[in-house]
Peer 1: 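Take this structure first; my questions come after.
First listed ligand is number 1; within each ligand, the first listed atom is number 1.
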Amino acid sequence: MTTPLLSSPPPSAFPTPFWVLETDHTGYAFGLNPDGQLVHTYWGPRLPRQEDYPRPEAIEEWSSFNRPVHLITEEYPGEGGPKYVEPCLKVQFADGTRDLALQYAGAETVDGVLNLHLRDATYPLAVTLHYRTHPAHDLIERWVTLSNEGEDVMVLDRAWSAQWHVPAGEHDRLSHLTGRWADEFQLHRELLTQGVKVLESRRLTTSHHHNPWFALDHGQAGEESGAVWFGVLAWSGNWKLTAEVTDFGQNRISLGVNDWDFVWRLQPGERFETPASLGGFTARGFGAASRHLHDFIRQGVVPRGGELRRVLYNSWEATTFDVTEAGQVELAEIAAELGVELFVVDDGWFHGRDADTRALGDWWPDEKKFPNGLQPLIERVKALGMEFGLWVEPEMVNPDSDLYRAHPDWVIHYPTRARSQARNQLILNLGREDVQAYLIETLDRLLIEHDITFIKWDMNRNVSEPGWPGAPGDPRELWVRYVQGLYHVWGTLKARHPKVVWQSCSGGGGRADLGILRLADQIWVSDNTSAPARLEIQEGFSQVFPANTMEAWVTDAGRNQVPLEFRMHVSMAGSLGLGGHLAHWTEEERRVARREIARYKAVRHIVQFGDQYRLRPAQKQAFSAVQYVSKDRSEAVLFAFRTHIARPTTLPPVLLRGLDEAGLYEVEGVEGVRSGAAWMNVGVTLTLGDFQSTVRRIRRISK
Ligand code: GLA
């Protein structure tokens, strides 16, 4: 899957180095121009012949204010010379020079990765641009290594992963996701005009507010048609995306670790490797762009992306901190009877955790709530035929905890400033090796001593006073070292406990990105579990992430307004879980839940592994529909939701997608058999009242 298609035309034909990266349907070309600069020339549909890809040409200056170096589409611009565009790299050398002159120094392909070497003309800085193609996913992965080959420290002020050059169109639009806690992943599409649009996180994590993803089109793309260029940054800390339209009509999207408050002292002999950015092109609309990312995430990012996710129960909204062994057993017994496969105890299980005011950091079972430890509960859960999971928030500490009393210096802080609390907690400095060692040891013990196969890893605040007394380098390296430390701790635990499934949560969807998905198998998308709101949040999430990573519980939110069936269906469009107080559910509610869980189990392989089609948008629409189609197109499942529509009440037909045109299909609940073409052009007419929903299985009965 990661076999690259790299090619360089014969040297005799094109004397200057020139590269074409091809995937199944796309081509991406760049090479040296006559002045020796590395220039991007093409990104779009794959062309039939190598000779078709444009080679860099010499560019005349526009005026003394706009020299050629300002006008070229440089592949990885360093700050230097009269450029003025957003650079990817800014470096201060020891003598005070803040100007880069990167020159081509050779290239080779190693294990399918094209390494393209640049060196500064004067200073011993080596810059290697790495490229890996993912042909079947039509994605190109880029990252950069910076090496100090000299004897003086070099200070990196910016070290981004990639600049993507997107051809200019008439009405270029940027699609991106915005949000906030309990309102994540809202999709925006806006026209880009000259200037720079910045999206970023300054919060230490990816954040609820923006997501490191973009899609750019020429103003005409729809869900299933039109050219779309898209990309992500695989990083779980501060990040920045700039979408720049130059006055010469060039679109440049850059992504990398945020340079806000960023400094990295690159010591002699050391290297700095950026996170990866992935970029893709499709001629088939935003839906296809999402499906490329979904398949890549399932097959190339999430380590266990090919495993079916189990139906879980999580006790948080039912019990909050009032966790007891008897109460959990009562919930577990009902959950098992409804068909739940994994029982997860959320916050409130550990030493002294009676409220959110205390105990974070003390990761052993509370002696009063669990006098014999967690094992009796775990045994009971297993006897009921379920697996057992647990919530932790390892990066955090309450001042009122044994851990903080022993190590008040372990948190991120300035000695002269108050330590601002949020939810009564402070953040452990995961850049510190002693903190990393403590967390590995403590959580390792928890996992060794208990039969736990699922961990929900939470992170419930953003940073403030980002100080690091005694930092090994510049204290501002915190932004990167923290994330590296997090990856190290989590990665070590993951390697030691391979049977554990991990969930990334940060007060809901505050840490959802392709970096964390190398560790986490799924994401808790939002703390907002109201089904109508969830429809919009889940749809935004699906721009980037596949349904098997989208953990979705049915809780008691909206219990008196929205039918349980509707709430179940919303969650069944992802990785289904329950989170309501099951002991309070009526017999009728339990009957509906049991029926819908059984139905989910029958279709979840299609939902979790199939191709997703957003048939009718949910964001700001009262009638929405989403469909999942198995890879072999033999089966599909349609979800449709109506919230509140005043009038008229007749719903337009839902046009299905992704079926074989000539294959014959039947749709559950509709008389007769029709061709795929008919279902996709005539559609399915549904009758739904306010807050009604439907799930329809679709089967091919002949090719
Ligand atoms: C966060 C999570 C919730 C729950 C609580 C527990 O808010 O997003 O799902 O785990 O913490 O304190």
Side-chain angles (χ1 to χ4, degrees), residues 179-185 203-209 236 312-324 327-328 331 342-363 365-366 369 388-398 400-401 421-428 443 446 452 454-462 501-513 516 520-531 533-534 537-538 541 545 549-557 567 571 574-581:
R180 51 201 162 168
W181 175 77
D183 187 25
E184 299 89 335
F185 305 111
R203 294 168 179 265
L204 190 62
T205 57
T206 328
S207 104
H208 303 82
H209 296 256
S236 313
L312 69 74
Y313 177 77
N314 179 298
S315 61
W316 169 244
E317 292 197 24
T319 59
T320 62
F321 299 101
D322 190 15
V323 174
T324 61
Q328 296 292 312
L331 290 167
L342 167 66
F343 185 83
V344 182
V345 177
D346 207 280
D347 200 348
W349 62 269
F350 48 99
H351 175 69
R353 184 68 166 175
D354 293 324
D356 68 6
T357 51
R358 57 192 307 260
L360 287 174
D362 299 345
W363 299 113
D366 183 75
K369 296 176 179 179
F388 183 80
L390 205 58
W391 176 96
V392 290
E393 194 178 357
E395 298 149 84
M396 295 292 159
V397 67
N398 290 115
D400 186 1
S401 65
Q421 296 181 26
R423 209 191 191 209
N424 311 302
Q425 57 201 57
L426 299 168
I427 307 179
L428 293 172
L443 295 172
L446 186 68
I452 293 170
F454 179 93
I455 289 284
K456 174 177 170 184
W457 185 305
D458 208 342
M459 205 257 193
N460 273 314
R461 65 161 291 183
N462 293 143
V501 169
W502 304 81
Q503 183 180 88
S504 168
C505 172
S506 177
R511 190 154 58 193
D513 57 79
I516 212 70
D521 304 279
Q522 60 187 61
I523 287 166
W524 176 232
V525 180
S526 181
D527 278 349
N528 187 341
T529 55
S530 145
R534 196 78 190 197
I537 293 169
Q538 293 184 178
F541 183 84
F545 306 104
T549 65
M550 184 174 80
E551 178 62 30
W553 319 332
V554 179
T555 69
D556 294 334
R567 291 182 279 130
S571 295
S575 177
L576 174 66
L578 297 186
H581 203 313

Peer 1: Does a side-chain heavy-atom distance below 4.5 Å link L331 with Y313?
Peer 2: yes
Peer 1: So do the side chains of T529 and D527 get within less than 4.5 Å of each other, counting heavy atoms only?
Peer 2: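 The answer is no; the side chains never approach within 4.5 Å.
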Peer 1: Identify which one of F321, W349, W553 satisfies the ring pair (Phe, Tyr, Trp, His ring centres under 6.0 Å) criterion when paired with W316.
Peer 2: F321
Peer 1: Quick check: does R353 get an N/O under 3.5 Å from an N/O on ligand 1?
Peer 2: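 Between R353 and ligand 1 (N or O atoms, distance only) the closest approach is not under 3.5 Å.
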Peer 1: Do we get R534 above W524's six-membered ring, with its NZ or CZ under 6.0 Å from the centre and within 45° of the axis?
Peer 2: yes
Peer 1: Name the closest protein heavy atom to atom 1 (C) of ligand 1, giving the residue it belongs to and the distance to 0.1 Å.
Peer 2: D458 OD2, 3.0 Å
Peer 1: Which of the atoms of ligand 1 are close to W524, meaning less than 4.0 Å from one of its heavy atoms?
Peer 2: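 Those atoms are 8 (O), 9 (O).
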Peer 1: Within the structure, does W316 bring an N/O atom to less than 3.5 angstrom of an N/O atom in ligand 1?
Peer 2: no
Peer 1: Is any NZ, NE, NH1 or NH2 atom of the basic residue among D346 and K456 found under 4.0 Å from an Asp or Glu carboxylate oxygen of the other?
Peer 2: yes
Peer 1: Give me the residue, atom name and distance of the protein heavy atom closest to atom 12 (O) of ligand 1.
Peer 2: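 For atom 12 (O) of ligand 1, the nearest protein heavy atom comes out as D347 OD2, 2.6 Å.
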Peer 1: What protein heavy atom sits nearest atom 9 (O) of ligand 1, and how far off is it?
Peer 2: K456 NZ, 2.7 Å
Peer 1: Just to confirm my output: which protein heavy-atom neighbour is closest to atom 10 (O) of ligand 1, and how far is it?
Peer 2: D346 OD1, 2.6 Å
Peer 1: Would one find more than 12 heavy atoms of other residues, nucleotides or ligands at under 6.0 Å from atom CZ of R180?
Peer 2: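 No, the 6.0 Å shell around CZ holds no more than 12 heavy atoms from other groups.
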Peer 1: Just which atoms of ligand 1 are under 4.0 Å from any heavy atom in N460?
Peer 2: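 Near N460, the atoms of ligand 1 are 1 (C), 7 (O), 11 (O).
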Peer 1: Mark the output for E317 as yes if a heavy-atom distance to ligand 1 is under 4.0 Å, and as no if none is.
Peer 2: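 E317: no contact with ligand 1 (<4.0 Å).
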Peer 1: For ligand 1, which atoms, with element, lie under 4.0 Å from some heavy atom of C505?
Peer 2: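 Numbered from 1, ligand 1 contributes 2 (C), 8 (O).
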Peer 1: Whether D354 and K369 form a salt bridge (side-chain N of Lys/Arg under 4.0 Å from carboxylate O of Asp/Glu) is what I want to check.
Peer 2: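 Counted as a salt bridge, because a side-chain N and a carboxylate O are separated by less than 4.0 Å.
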Peer 1: Under 3.5 Å, N or O to N or O, is G508 touching ligand 1 that way?
Peer 2: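 In this structure, G508 places an N or O atom under 3.5 Å from an N or O of ligand 1.
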Peer 1: State, with a plain yes or no, whether a side-chain heavy atom of T549 is found less than 4.5 Å away from one of V525.
Peer 2: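 T549 does not reach V525 side chain to side chain.
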Peer 1: Measure from the side-chain N and O atoms of E184 to the backbone N and O of G509, and report whether any donor-acceptor pair falls under 3.5 Å.
Peer 2: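 Answer holds: yes.
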Peer 1: Does only the side chain of R423 get under 4.0 Å from ligand 1, or the backbone, or both, or neither? Count heavy atoms.
Peer 2: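 Looking at R423 and ligand 1, just side chain atoms fall under 4.0 Å.
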Peer 1: Indicate yes or no: does an N/O atom of W553 lie under 3.5 Å from an N/O atom of ligand 1?
Peer 2: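 No, no N or O pair falls under 3.5 Å.
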Peer 1: Could you check which of T555, T529, D527 puts a non-hydrogen atom nearest to atom 8 (O) of ligand 1?
Peer 2: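 Answer by nearest heavy atom: D527.
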